[in-house]
Amino acid sequence: MDIEELVVRYDEGERDFNGIRLYVGDNDLKGINLQGIKLRGADLLDANLAGVNLTRADLTGAILRGANLEGAILRKAELYSVNLFWCCLVEADLTDAVLTHMNATCANFRSCKLPSFGFSRAILIDTNFQDVNISKDVICRHGNLIWNTIMPDRTIEHGPYMGSFPGR
């Protein structure tokens, strides 16, 4: 499915696009509103979703490998078990998003807004958290795999190690 068809169907009231394969190409999607869209298990490989409003979107298990989500709004989005390998999330708003079990290998979260409670059991290999709004302690806990990960303070946690759970 291409982005034009998705937007037309979304504007007509359809919200369930679970499992689709989206062909985005070079289209400028900045400012498109896709709030509440359901893209569970969707293949969004290399999609250019910069600036798109995906508030409360369900992207559980979606493949966003190589996707551009720079400046995207993902507030309260479900990103459980999402694949963010090589994904650009620079200045994205992930406030209150669910990021448990995400694969964020080589993902760039520089200057984005992350959930204050963090995330758990994530793969954070060569991931960039430079200048994000949560602390290194939050990132390095909750069973997250840390390996050559750039922290908010620009230090690098070389690892590899699994972050501990508080109180253990």
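Being a predicted model, the structure only gives us computed values, none of them experimental.
The hydrophobic clustering, which links ILVMFWY residues whose side-chain heavy atoms are closer than 4.5 Å, places M151 and F109 together. With hydrophobic clusters built from ILVMFWY side chains whose heavy atoms lie under 4.5 angstrom apart, V138 shares a cluster with I146. In this structure, I123 is a member of the same hydrophobic cluster as M162, with clusters built from ILVMFWY side-chain heavy atoms closer than 4.5 Å. In the hydrophobic clustering of ILVMFWY residues, with side-chain heavy atoms under 4.5 Å counting as a link, Y10 and I32 come out together. Following chains of ILVMFWY side-chain contacts shorter than 4.5 Å, one can reach L89 starting from L34, so the two form part of one hydrophobic cluster.
N144 places a side-chain N or O within 3.5 Å of a backbone atom of F119 that can act as its donor or acceptor partner. The closest donor-acceptor contact from the side chain of N103 to the backbone of L84 lies at 3.5 Å or more, if one exists at all. T127 places a side-chain N or O within 3.5 Å of a backbone atom of A104 that can act as its donor or acceptor partner.
Residues forming a side chain to side chain contact (heavy atoms under 4.5 Å, CB included) with D137 (at least two apart in sequence, or on another chain): S135. Listed by chain and residue number, H101 satisfy the ring-ring contact (aromatic ring centres under 6.0 Å, His included) test with Y80 (two or more places apart in sequence, or in another chain). Take T95 and apply the side-chain hydrogen bond (donor to acceptor under 3.5 Å, both in side chains) test, not counting sequence neighbours, and it matches D93.
Listed here is the closest heavy atom pair of G159 and W147: C-CD1, 4.2 Å. Contact between G118 and I134 at its shortest, heavy atoms only, is CA-CD1, 4.4 Å.
The salt bridge (charged side-chain N to carboxylate O under 4.0 Å, His left out) pairs that include a residue from residues 100-112 number zero, where partners must be two or more places apart or lie in different chains. Within the structure, ring-ring contact (aromatic ring centres under 6.0 Å, His included) pairs that include any residue of residues 33-71 do not occur (at least two apart or interchain). Under the salt bridge (charged side-chain N to carboxylate O under 4.0 Å, His left out) criterion, no residue pair touches residues 62-73, with sequence neighbours excluded.
If you take CG on N68 and CG on D46, they are separated by 10.5 Å, rounding to the nearest 0.5 Å.
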